[in-house]
Amino acid sequence: MSTDLSVNLNKIALIRNSRDTEHPNVCEHALRCITYGADGITVHPRPDQRHIRADDCFALAKILNVEFNIEGNPLAAPMKSDRKGVSDYPGFMELVREIKPAQCTLVPDSDQQLTSDHGFDLTQTGDQVAPIIAELQSLGIRVSLFMDPDPEQIKLAKQTGSDRIELYTGPYAAAVEKNQNVEAVFQQFYQAAELAADLGLGLNAGHDLNLHNLKKFATVPNLLEVSIGHFLTVDAIDMGLEKAIKAYQACLGK
Ligand SMILES: CC(=O)[C@@H](O)[C@H](O)COP(=O)(O)O
Ligand SMILES: NCC(=O)COP(=O)(O)O
């Protein structure tokens, strides 16, 4: 079984939004990523549309010939756009009901969060999330829940009916960067991956994965997909997009 690389376009959109132009063009960049070997495309449209906009999601949905993964908080409400010529954010569920991407990754981020920094606490939100998952699945959308490597939470994720979990790999990336407790932290993720497999949950992973930490992380069992954006974009600035994507695929043994 090989692990798919889904390239997250958030940071390309962030650069685009710094001017009132279409450069870099998010759709053209997505097509280049696919040409260079990306297996999928991921976006995380946040209500303030600081990077990926609802307009980007509709445009990407029209052109992608690989899996499209849209991430977000399912409870994220509509928000007015403050940019001329940019559509309002319609709300996460309204957006994905219309687009029906191959996969939705549900992430418990608040609107103001700088970035994603924790998984769901399903002891609090499991009852709320389960019917949302059922609705998305009824639309033909695979659902993945953004989770910490917490065994009890992963067991609750199974009870929600979710197809997959995405392990939030921020703490693993931080351990590697600081070279502190790497093996102990990695084992938490390895055991979480084993538990997901035992429960029949598909396994995705993401956040701060890079060329220094990915090869080891990819040894966890049954890893179906990694979604990577921040560091891949930084590496593309340094080495070029084609070399960067090929380097990440090489870390995945491809
Ligand atoms: C869910 C996750 O960890 C990332 O996919 C997220 O998209 C990062 O969001 P920013 O790019 O806004 O930091
Ligand atoms: N789900 C993780 C993702 O899509 C990209 O996260 P990052 O590589 O930008 O940290």
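Note that the coordinates shown come from a computational prediction; the quantities given were computed from them, not determined experimentally. Read the numbers this way: they start at 1 and go in the same order the structure lists the ligands and their atoms.
When heavy-atom distances to ligand 1 are checked against a 4.0 Å cut-off, D109 has no atom that comes that close, whether in backbone or side chain. Of all the heavy atoms of H51, the ones lying under 4.0 Å from any atom of ligand 1 belong exclusively to the side chain. If you look at F146 next to ligand 1, the close heavy atoms, those under 4.0 Å, all belong to the side chain. Heavy atoms of K11 found under 4.0 angstrom from ligand 1 belong exclusively to the side chain.
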Residue pair F146, F120: steps toward the ring pair (Phe, Tyr, Trp, His ring centres under 6.0 Å) verdict: CA-CA 6 Å; F146 197 64; F120 275 99; 8.3 Å; no
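D88 contributes a side-chain N or O that, together with a main-chain N or O of S81, makes up a donor-acceptor pair within less than 3.5 Å. Looking only at distances, a side-chain donor or acceptor of T3 sits under 3.5 Å from a matching main-chain atom of L223.
For ligand 2, the protein residues within 4.0 angstrom (heavy atoms only) are N8, T42, E71, E166, G206, H207, D208, S227, I228, G229, H230.
Inspection of the S116 and R46 side chains reveals an N or O donor paired with an N or O acceptor under 3.5 Å. Looking only at atom types and distance, the side chain of N8 has no donor-acceptor partner in the side chain of S227 under 3.5 Å away. Between the side chains of D148 and Q153, no donor-acceptor pair is found at a separation under 3.5 Å.
Protein heavy atom nearest atom 5 (O) of ligand 1, with residue, atom name and distance: E71 OE1, 2.5 Å. Protein heavy atom in closest approach to atom 1 (C) of ligand 1: S116 OG, 3.3 Å. The protein non-hydrogen atom at the shortest distance from atom 11 (O) of ligand 1 is N10 ND2, 2.7 Å. At the top of the distance list for atom 9 (O) of ligand 1, counting protein heavy atoms only, stands R46 NH2, 2.9 Å.
A 4.5 Å side-chain heavy-atom check between D235 and L211 finds at least one atom pair inside the cut-off. Put simply, the side chain of D48 reaches to within 4.5 Å of the side chain of M79, judged on heavy atoms. Looking only at side-chain heavy atoms (C-beta outward), D56 and R16 come within less than 4.5 Å of each other. S2 is not listed as a side-chain neighbour of L252, based on a closest heavy-atom distance of 4.5 Å or more. The shortest distance between side-chain heavy atoms of F231 and L214 does not fall below 4.5 Å.
Short contacts between ligand 1 and H207, defined as distances under 4.0 Å to a heavy atom of the residue, involve ligand atoms 2 (C), 3 (O), 4 (C). Below 4.0 Å from some heavy atom of N8 lie the following atoms of ligand 1, by number and element: 5 (O), 7 (O). Remark: ligand 1 atoms within the under-4.0 Å shell around heavy atoms of T115 are 8 (C), 9 (O), 10 (P), 13 (O). Set against the non-hydrogen atoms of H44, the atoms of ligand 1 under 4.0 Å away are 1 (C), 6 (C), 7 (O).
Cation-pi geometry between K216 and F186 is met: the NZ or CZ atom falls under 6.0 Å from the ring centre, inside 45° of the normal.
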